[in-house]
Structures are given as structure tokens and as C-alpha cells.
There are 4 protein chains.
Amino acid sequence: MSTEKQLGQRAQRKAQRPQEILEAAFEEFVERGYVATRVEDVASRVGVTKGTIYFYFETKERLFEEMIRHISVPFADISANAKNLSGSYSEKIRMFIRLLYDRIVMDRNTRELLRFVLTEGSRFPQVVDRHHEEFIVPFKKAARDILEAGVAAGEFRNALAVKIPDAAIGATMMLSVWQMLFADRKPQDVEAFFEAHVDVILHGLIAKDGADCE
Amino acid sequence: MSTEKQLGQRAQRKAQRPQEILEAAFEEFVERGYVATRVEDVASRVGVTKGTIYFYFETKERLFEEMIRHISVPFADISANAKNLSGSYSEKIRMFIRLLYDRIVMDRNTRELLRFVLTEGSRFPQVVDRHHEEFIVPFKKAARDILEAGVAAGEFRNALAVKIPDAAIGATMMLSVWQMLFADRKPQDVEAFFEAHVDVILHGLIAKDGADCE
Amino acid sequence: MSTEKQLGQRAQRKAQRPQEILEAAFEEFVERGYVATRVEDVASRVGVTKGTIYFYFETKERLFEEMIRHISVPFADISANAKNLSGSYSEKIRMFIRLLYDRIVMDRNTRELLRFVLTEGSRFPQVVDRHHEEFIVPFKKAARDILEAGVAAGEFRNALAVKIPDAAIGATMMLSVWQMLFADRKPQDVEAFFEAHVDVILHGLIAKDGADCE
Amino acid sequence: MSTEKQLGQRAQRKAQRPQEILEAAFEEFVERGYVATRVEDVASRVGVTKGTIYFYFETKERLFEEMIRHISVPFADISANAKNLSGSYSEKIRMFIRLLYDRIVMDRNTRELLRFVLTEGSRFPQVVDRHHEEFIVPFKKAARDILEAGVAAGEFRNALAVKIPDAAIGATMMLSVWQMLFADRKPQDVEAFFEAHVDVILHGLIAKDGADCE
DNA sequence: GATGAATGAGCATTCATTCAT
DNA sequence: GATGAATGAATGCTCATTCAT
């Protein structure tokens with residue numbers, strides 16, 4: 001017991017090392033990309049030396065893959081949340097898209113994860129595949145579920161987008177891309193974008209006679 | 001005819017070399033990214049040796065930048081076309097988005113250009129800036145012009161998206177990203193996506209009483 | 001003893017490496033000059049590989065500069081010795097020139113240092129400047145000091161060379177140059193040269209009536 | 001005849017080409033040394049292209065060697081002049097050293113030739129050997145001839161330097177080296193140096209009683 | 001004679017990886 | 001566990017040299 005206490009700090013440190021390394025790796029890979037990041041850069045950021053990295057991770061490739069895993073919070077939670085939404089289906093779709101914005105646009109990890117998939121995809125096909133299964137498929141399913149339920153409830157019309165929910169929700173991606181490109185230099189008004197997005201896919205652009213859709 | 005003879009084989013060759021090299025560079029950079037592409041890879045693809053590449057381009061960086069310039073067809077044409085669209089504003093917005101799909105989703109050059117901007121942006125900030133000026137700004141302007149004209153004509157309601165046209169048109173980007181990621185492995189039904197996209201932003205999702213929005 | 005053990009083989013090695021490398025660099029640069037010497041040549045001579053050189057020295061330029069520093073034993077010692085000379089001023093000037101021969105003509109490091117200054121000066125202007133300050137200026141001063149003291153003591157006449165001591169001592173340089181050029185192939189009789197040099201500047205060439213100057 | 005006149009200019013040009021190239025080569029090799037000078041640099045200076053250089057000179061090595069030959073004006077003239085000197089032997093030695101200063105110190109070609117011998121000697125041993133035969137041996141002989149004649153005439157004492165004339169004349173080299181090193185930055189007073197040199201070797205440093213040697 | 005496109009050997013430098021301490 | 005000296009393959013870039021035009 002006393003031994004445990006004595007070693008306490010060091011042991012904790014040790015247990016955290018892999019985490020620390022993965023987080024440092026994330027920052028470095030974000031800054032320079034896979035090829036241009038040196039293992040030593042990661043080590044310096046953690047405050048250790050190259051050798052230590054290799055003690056925990058076989059190769060630079062492995063380090064990258066594990067880093068990707070580490071920052072990947074599968075889509076499950078959004079799917080789960082999506083099921084618990086309350087209110088009208090319009091409200092539900094609004095909340096769902098809200099969740100997406102918080103993830104895809106606002107959450108740095110998720111945004112950079114997407115960038116990694118785009119930039120290093122050819123070098124790490126498994127990463128692309130995993131991303132497809134863990135994020136894109138569940139995301140599409142969750143979206144379709146809400147839309148279909150909305151149709152069944154008579155609140156939504158049976159629009160073409162019910163089968164292809166990306167067509168309704170996809171604007172999210174444009175904002176995400178703008179963020180990736182210009183995050184720093186040309187800040188976006190995310191809230192306004194979000195409201196405009198939800199508004200347009202719920203009511204459309206065409207002015208209706210009689211009832212104004214606005 | 002006489003011109004061809006005057007030029008001679010060698011001269012012809014020389015005139016084409018830069019083009020050939022830039023196209024080979026495009027393919028290689030697409031496949032492996034900037035850092036991982038060796039100048040020699042580009043040379044082999046053209047069927048020459050390293051030295052020849054350096055005869056035409058000072059450095060690898062320059063080669064990349066010139067390649068980007070070479071595949072960049074500024075947005076001007078779309079803006080121009082956008083002004084000549086005929087029919088109702090619903091028709092016009094449909095045609096406009098159609099043009100976008102042809103460019104951003106279907107045209108490989110433009111798609112990969114976007115990927116380069118995303119992947120190599122930190123290494124080539126000028127490329128990002130140029131892309132913003134030549135593509136994104138004109139694109140947003142063209143979109144806003146149509147929407148505002150549609151509102152002025154009374155055909156469109158004064159939706160929030162009129163000020164933020166990306167919110168209406170942005171789904172395009174999601175399809176583009178899907179293409180970048182899975183073009184080969186998970187083909188998309190671009191036509192269906194397009195139709196669903198146009199349908200949803202014109203009519204919205206909510207079922208209208210009395211008049212069915214579809 | 002304990003120190004040696006504490007250091008360990010590896011530590012000892014490491015402490016000596018820079019020295020070893022600098023000495024190998026000296027030999028290689030002497031043999032081939034800066035441009036024609038390959039970093040790998042230096043490595044081979046030490047018995048390591050290229051990478052090791054770069055572990056200790058940032059660039060080939062730095063390696064050269066540090067090597068120059070390493071072989072440069074500033075002139076301070078000669079100046080110091082010059083002050084402690086005893087005997088008549090004729091004796092003193094004789095001893096002083098003797099010191100110079102030992103350095104400029106006989107000492108390989110100093111001789112090659114001069115050659116480096118001549119051959120690589122345009123590439124390394126700082127090296128030329130440092131050489132001027134550390135060698136040439138102190139050398140001239142020390143020489144002038146002796147000559148002036150000799151004049152003050154009435155032993156030397158107030159010859160023009162008192163203000164321009166190089167004119168009296170400069171023959172040293174010719175022998176040094178002969179050494180640089182033909183050291184191996186046409187050996188010089190340094191002693192005879194030295195004696196003739198001292199003799200001629202002390203007594204001159206002209207036969208004096210009455211007292212034979214010899 | 002008319003043909004000859006028509007071609008006149010071109011033919012002249014052609015005949016001068018090798019000369020022009022050699023002179024351009026001299027300037028470039030002086031500026032950068034053998035290895036760092038590119039054949040194309042030489043070509044540009046002449047206003048032609050690489051190929052032309054290779055039309056006249058087989059290789060870069062040959063170009064260098066021929067350039068050395070081109071700027072080498074053997075010592076013969078000095079030897080010849082030395083024989084025609086008039087006046088006392090003191091006068092003669094003065095004139096002889098004067099000739100040396102004009103050549104070794106003041107004449108850029110000769111000075112740079114010496115530098116080439118020093119810098120590229122290991123790469124071009126024939127150049128060193130030729131230099132020895134054409135310059136150094138005749139120079140020593142001419143010097144010894146005067147000194148010995150002066151001794152025979154009873155004007156010079158039979159100093160040690162008569163056998164080793166470099167010991168008397170060698171200060172010239174120190175000034176030459178100073179010129180090579182600092183020509184631009186620290187100008188030398190060549191005349192004063194020359195006078196001091198001649199003065200000291202003729203009269204020596206030691207104050208003679210009775211007759212002041214000055 | 002002159003050109004300049006093309007070649008390819010050569011070299012400085014980087015960096016993932018190993019391993020003795 | 002951690003270090004960091006050492007390795008060596010890899011790659012950007014240069015330049016002497018060639019040769020078809």
C-alpha cells in the first residue's frame with residue numbers, strides 16, 4: 001500500500017503518458033500533416049525524447065492511427081441524443097442539426113478528424129473506412145430516421161430528401177469546410193448560418209400564397 | 001502547316017513540356033500529397049528525368065503552385081452563366097446549383113483543387129487566399145444575386161438564407177466531400193442528390209395545409 | 001579513475017566526438033578544399049556515417065567554421081613571449097622571428113589556416129576578419145614594439161621599417177607560401193632561410209667600410 | 001577577297017572567342033573558385049551559352065588549365081629586364097624589387113595566379129609544377145645573379161642571403177598576401193612598404209657607429 | 001558554329017528507427 | 001522506463017556534359 005502511494009505520482013504519470021503523447025501528436029499532426037511532422041516534434045511537445053515515443057508506439061504510422069482513434073468520438077452519442085429529442089419534428093430536426101453544428105463545425109477535434117481523413121486518406125485507407133462506418137453511416141441513418149418519422153406523423157411532406165437526408169442537412173459541411181480553411185482569418189457567424197440553414201430546409205424558398213412560410 | 005514544320009519536333013516538344021509536367025504533377029500530388037510526392041515521380045510519369053523538371057520549374061514548391069494555377073479555372077464563367085439563366089427564379093436557382101454540381105462535385109480538377117486547399121493550405125497560404133478570392137467570394141455573390149432578385153420579383157420569400165446563400169446551397173459541399181473521400185469505393189447518385197437538394201430548399205420539408213408544397 | 005568509470009565508455013566517446021570530427025574535417029578540407037570535400041568524407045575518416053556529423057554540426061558551413069576555430073591558436077602567446085625575450089634587441093628580434101617561423105612556417109595548423117583564409121575567404125568573410133584581428137594586428141604590433149624599443153635603446157637605427165615592421169619580417173611569408181605549395185615535393189632548408197633572413201635585416205646587404213657587418 | 005571582307009567581322013569575332021572565354025573564365029574562377037564556378041557562369045559573361053564553351057574547350061578542367069596558361073606571363077621578362085639594369089648594385093636590387101612589386105603585388109593577374117596555385121594546386125598539380133619552373137626558379141636565379149654580382153663588385157658583403165635570395169626579397173610576398181586577403185577592405189601603402197623593404201635589406205637595422213646607415 | 005533541352009551522377013540534409021547505457 | 005548517439009535510406013537540388021536541331 002505504502003509502495004503504491006510512493007509510486008503514486010510516477011505511476012500516474014506513466015499511466016497518462018500514452019494519452020499525453022496522443023494529444024501532442026494530434027496538435028503536431030494538425031499543424032504540419034503526417035509526413036511533415038517529426039516524431040521528435042511530438043516528443044518535444046510532451047517533454048520527452050524520441051525514444052520514449054517508440055517505447056509506447058511501434059512506428060510513426062501506429063502513432064498516427066492511435067491518435068486518430070483517440071480523438072474519434074463515434075457518432076453513437078448523437079444518434080442516441082437524436083432519439084431523445086422532444087417537441088415537434090421541426091423542433092427535432094432543428095435540434096439534430098444543432099448537434100451537428102456543435103460537432104462538425106465547432107468541435108475542433110471532429111473538424112480536424114475530417115481534415116485528416118481528407119488529407120491522409122490515401123495513406124491510411126482503414127481510417128477512411130472506419131470513418132465511414134462510425135460517422136457517416138450512423139449520421140445518415142439518424143437523419144433519415146427523424147425525417148421518416150416526421151413524414152409518418154404528417155408533419156413533413158414526403159420530400160425527395162427523406163431518402164437522401166444529406167441533401168437537407170449537408171450545408172453543415174460547407175460551413176465546416178469554411179472553418180477548416182479560414183477559421184482564423186475570416187470568422188463565420190455560425191449561429192446565423194445555422195438559423196438560415198434550418199429555416200430554408202423547413203420552409204423552402206418559394207413564397208406561398210395565403211400562408212407566409214416565414 | 002508551314003507553322004508546324006517551322007516549329008519542328010523539338011520546338012513542339014518544348015512548347016508542350018510545361019503542360020505535360022503540370023498535368024503529371026497534378027496526378028502525382030493528388031495521389032500522394034505535396035510532401036510525399038517526389039519530383040522524380042513526376043518526371044517518371046512524363047517519361048523524363050528529374051533534371052528536366054528542374055529545367056522548367058525552379059523548385060518543387062514552384063511546381064506545385066504552377067500546377068494549382070494550371071488547374072484553376074476561376075469561377076468567372078459560372079457567374080457569367082448565372083446571369084444568362086432564363087425561366088422562373090426557381091428554375092434559375094435550379095440551373096445555378098446544377099452548374100455548381102458540375103463543377104464542385106463532378107469536375108475532378110475542381111474537386112481536387114479544393115482538396116489541395118484543405119490539405120496543403122498551411123504550407124501555401126497564398127493558394128488559400130487566391131482560392132477565396134477567385135472562387136468563394138464570386139460564388140457567394142452570384143448566389144446572393146439570384147436569391148435577392150427572386151425576392152424582389154416576389155417569387156422567393158425573404159428568407160434568412162437570402163443573406164447567407166451558403167446555407168441554402170451548401171449541401172453541394174457535402175456531396176463534394178463524399179466524392180473526395182469515397183469517389184471510387186462508394187459511388188454516389190449525384191442526380192438524385194441534386195434533385196433532393198433543389199427540392200428541399202425550394203419547398204422546405206414542412207407539409208403545408210391546403211396547397212401541397214411538392 | 002572514478003571519474004573515468006562514472007563517465008562510462010559512451011560518455012567518453014561522446015565528449016571526444018566533436019574533437020575527432022573537427023580534426024578529421026581539418027584533414028579533409030586541407031586535402032580538397034571546402035567545396036570539394038563531402039561531409040561523408042569527413043564521416044568516413046572518423047569512422048562514422050554522415051548522420052553522425054549532422055548530429056554534432058548543423059551544416060557543412062558550420063562544421064568548417066568550427067574547424068577553423070578549433071585550429072586557431074590566437075597570436076596571444078607569441079605576443080606574450082615576445083615581451084619576455086632577453087638579450088640585446090638584435091637577439092630579441094632574432095628570437096621573435098624564430099617564434100614566427102615555428103608558427104607560420106613549421107606549424108602545419110597555422111600554415112593551413114592561412115591557406116584556408118586565402119582559399120575560402122570569399123565564402124567565409126568572418127573568417128578573414130577574425131584572422132585579421134587575432135593574428136595580423138597583434139603580430140604587427142608585437143613586431144613594431146620590439147623595433148621601437150630597439151630604436152629607443154639606440155641599438156637600432158630609426159629605419160623606415162620601424163613603422164612598417166612587415167617589411168622587415170615579411171620574408172617569413174615567402175617561406176610559408178613555398179611550404180604551402182611544395183612542402184612535400186621541394187623541401188626547404190628552413191634553418192638556413194631563417195638565418196639568412198635575420199642576418200640580412202640586421203646588417204643589410206651593403207658592405208660597410210671599416211667594420212664588416214657580418 | 002570580298003568574301004574575306006564580308007566575313008571579316010564574324011571571322012574576327014570567331015578568332016577572338018577563345019580569348020574572350022578565357023578572360024571571362026578568369027573573372028569567374030577568381031570570384032568563386034574552381035568548383036563553385038559553373039560553366040554556364042562563364043558562358044553568360046561572354047554572352048553565349050554553355051554549348052559554345054564546350055565547342056572550344058573539352059571540359060571545365062581544360063578550360064581552367066588554359067585560362068591559367070593564358071594569364072601566365074612567364075618570368076622571362078623580369079629576368080631579361082634584370083640584366084639590363086644600370087647604376088650601382090644597390091640601385092639594381094632596388095629596381096629589381098620594384099619590378100617584383102609591380103608584378104606580384106600590383107598586377108592582378110599575377111596575384112590571382114598565385115592564389116589559384118594555392119587554392120587549386122591539389123587539383124591541378126601540373127599547374128603548381130609549371131609555376132615552379134616558370135616563375136619561382138627564374139625569379140630566384142635572377143635575384144641570386146644580382147646579389148652575387150654585387151658581391152663580386154665589392155658593393156655587397158657576402159651575406160647568407162646571397163645564397164638564399166628569397167630571405168632578402170621575400171617580404172614582397174607578405175604584402176602580396178595582404179593584398180589577396182584585404183585588397184578591398186584594408187588598403188596597403190605599397191610605396192611605403194616597398195621603400196622600407198629596400199631600405200632594411202640594404203642597410204640593416206643595426207645602428208652603425210660613425211656612419212649612420214640611413 | 002551555336003543553342004538549349006535533357007541527362008544522371010553527385011551531394012547536402014533530414015528523419016524514422018534502433019539500441020547500448 | 002527513458003535517453004540520445006548513431007545509422008542509413010530517402011530526397012531536393014545542382015551542374016558538367018551531350019547532342020539533335
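Here is how names work: the chains are called A, B, and so on, in the same order as the sequence lines, proteins then strands, and each is numbered from 1. Just the heavy atoms: all of them, side chains too, but no hydrogens, waters or symmetry mates, feed the values below.
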- Item | Residue pair V46(B) / T52(B), side-chain heavy-atom distance below 4.5 Å | no
- Where does DNA chain E form stems of at least three consecutive Watson-Crick or G-U wobble pairs, each pair having both distances below 3.5 Å? E:2-21 with F:2-21
- For T119(A), enumerate each residue passing the side chain to side chain donor-acceptor pair (under 3.5 Å) test, keeping only those at least two apart in sequence or located in another chain. none
- Query: So, is T52(A) near the phosphate of dG1(F), with a side-chain N or O under 4.0 Å from OP1 or OP2?
  - Reply: no
- Note on the structure: R108(D) meets the side chain to side chain contact (heavy atoms under 4.5 Å, CB included) criterion, sequence neighbours left out, with F26(D), E27(D), V30(D), E112(D)
- Message: Quick check: closest heavy atoms across S72(B) and L113(B), and the distance to 0.1 Å?
- Response: OG-CD2, 3.6 Å
- Item | Distance in angstrom units between F57(D) CZ and dA16(F) C1', rounded | 16 Å
- Message: Checking E120(A) now: which residues fulfil salt bridge (Lys or Arg N to Asp or Glu O under 4.0 Å) with it, not counting sequence neighbours?
- Response: R123(A)
- Message: Holding to side chain to side chain donor-acceptor pair (under 3.5 Å), I want the full list of residues that pass it with Q126(D), two or more places apart in sequence or in another chain.
- Response: none
- Task: Look at the side chain of K50(A) against the base of dT3(F) and say whether a donor-acceptor pair falls under 3.5 Å; ignore hydrogens and angles.
- Result: no
- To the nearest angstrom, how far is Y56(D) atom OH from dA16(F) atom P? 20 Å
- Residue list, side chain to side chain donor-acceptor pair (under 3.5 Å) with N109(B), at least two apart or on another chain: none
- Whole angstrom is fine here: how far is it from CZ in F55(A) over to C1' in dT21(E)? 15 Å
- Task: Could you check how far CZ of F29(B) sits from P of dG12(F), rounded to whole Å?
- Result: 9 Å
- Message: Working to the nearest 0.5 angstrom, can you tell me the gap between I71(A) CD1 and R111(A) CZ?
- Response: 11.5 Å
- Which whole-number value in Å describes the distance from R32(C) CZ to dG10(E) P? 14 Å
- Looking at residues 36-48 of chain C, who's got a heavy atom less than 4.0 Å off DNA chain E? T37(C), R38(C), V39(C)
- Task: Quick one: list whatever passes side chain to side chain contact (heavy atoms under 4.5 Å, CB included) with E66(B), sequence neighbours left out.
- Result: L22(B), F57(B), R62(B)
- Query: Rounding to a whole Å, what distance do you find between E58(D):CD and dA16(F):P?
  - Reply: 16 Å
- Message: Distance check needed: dA6(E) P versus Q16(B) CD, whole Å only.
- Response: 11 Å
- With sequence neighbours excluded, what pairs up with E31(A) under the salt bridge (Lys or Arg N to Asp or Glu O under 4.0 Å) test? R45(A)
- Does Y54(B) place a side-chain N or O at less than 4.0 Å from the phosphate oxygens OP1/OP2 of dA6(E)? no
- Query: Hey, can you pull the residues of residues 59-69 of chain B with a non-hydrogen atom under 4.0 angstrom from DNA chain E?
  - Reply: none
- Query: Got a sec, which residues hit side chain to side chain contact (heavy atoms under 4.5 Å, CB included) with E61(C), two or more places apart in sequence or on another chain?
  - Reply: Y34(C), T59(C), F124(C)
- Task: Report the residues that fulfil side chain to side chain contact (heavy atoms under 4.5 Å, CB included) with V39(A), sequence neighbours left out, ordered by chain and then residue number.
- Result: K50(A), I53(A), Y54(A), K60(A)
- Query: For T49(A) and dT3(F), is the shortest distance between a side-chain N/O and OP1 or OP2 below 4.0 Å?
  - Reply: yes
- Task: Check the distance between dC13(F)'s P and I53(B)'s CD1 and give it to me in whole angstrom.
- Result: 12 Å
